[in-house]
Asks: 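Can you keep this structure in mind? I'll have questions shortly.
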Amino acid sequence: MKLNLLSCDSQRPDRRAIAQCIVGISIDVSESLANELTDILLEGDAVEIEVNDKDSGSALRSLRKLDIDYEFIE
């Protein structure tokens with residue numbers, strides 16, 4: 001399943017927690033790439049990631065905990 005991460009609405013976003021979440025839920029994303037994606041997301045641009053279908057429920061919960069808005073991509 002592909003997700004488009006749109007924005008982070010947290011007052012004080014935790015860059016490290018967001019990057020760790022992206023590494024944990026994404027398919028084939030390294031820590032350095034996750035850090036780059038986090039920076040892009042926090043600058044206000046959307047980021048596309050791919051999540052394993054069987055882990056989608058916990059992945060979406062993790063994103064909501066971090067106040068990250070997302071949308072599904074086909």
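Any value given below was found using the heavy atoms of this structure, including those in side chains, with hydrogens, waters and symmetry copies removed.
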Asks: To the nearest 0.5 angstrom, please state how far the CG atom of Asp67 sits from the CZ atom of Arg12.
Replies: 13.5 Å
Asks: Show your reasoning for whether side-chain contact (heavy atoms from CB on, under 4.5 Å) applies to Ile18 and Leu42.
Replies: CA-CA 10 Å; Ile18 294 169; Leu42 293 178; 4.1 Å; yes
Asks: Side-chain contact test, heavy atoms from C-beta onward, threshold under 4.5 Å: evaluate it for Val47 versus Ile22 and give yes or no.
Replies: no
Asks: What pairs of residues pass the side-chain hydrogen bond (donor to acceptor under 3.5 Å, both in side chains) test when at least one of them lies in residues 37-62, not counting sequence neighbours?
Replies: Arg15-Asp39
Asks: Test Leu5 against every option in Leu41, Leu66, Leu37 by the side chain to side chain contact (heavy atoms under 4.5 Å, CB included) rule and name the one that passes.
Replies: Leu41
Asks: Which pair of non-hydrogen atoms, one from Tyr70 and one from Leu60, has the smallest distance, and what is that distance?
Replies: CE1-CD2, 3.5 Å
Asks: How long is the span from the CD atom in Glu71 to the CD1 atom in Ile73, to the nearest 0.5 Å?
Replies: 6.0 Å
Asks: State plainly whether one hydrophobic cluster holds both Phe72 and Ile27, where clusters connect Ile, Leu, Val, Met, Phe, Trp and Tyr through side-chain heavy atoms under 4.5 angstrom apart.
Replies: no
Asks: Please name the pair of heavy atoms, one in Ala34 and one in Ala19, separated by the smallest distance, quoted to 0.1 Å.
Replies: CB-O, 3.5 Å
Asks: Please check if the number of heavy atoms outside Arg64 that lie under 6.0 Å from its CZ is greater than 12.
Replies: yes
Asks: Taking all atoms of both residues into account, what is the closest heavy-atom pair of Ser30 and Val23, and its distance?
Replies: O-CG2, 3.8 Å
Asks: Are Ile49 and Leu33 joined in one hydrophobic group, where the rule is that I, L, V, M, F, W and Y side chains link up if heavy atoms are under 4.5 Å apart?
Replies: yes
Asks: How far apart are the closest heavy atoms of Ile40 and Ala46, and which atoms are they?
Replies: CG2-O, 4.3 Å
Asks: Might you confirm whether atom CG of Asp9 has over 12 heavy atoms from other residues, nucleotides or ligands at distances under 6.0 Å?
Replies: yes
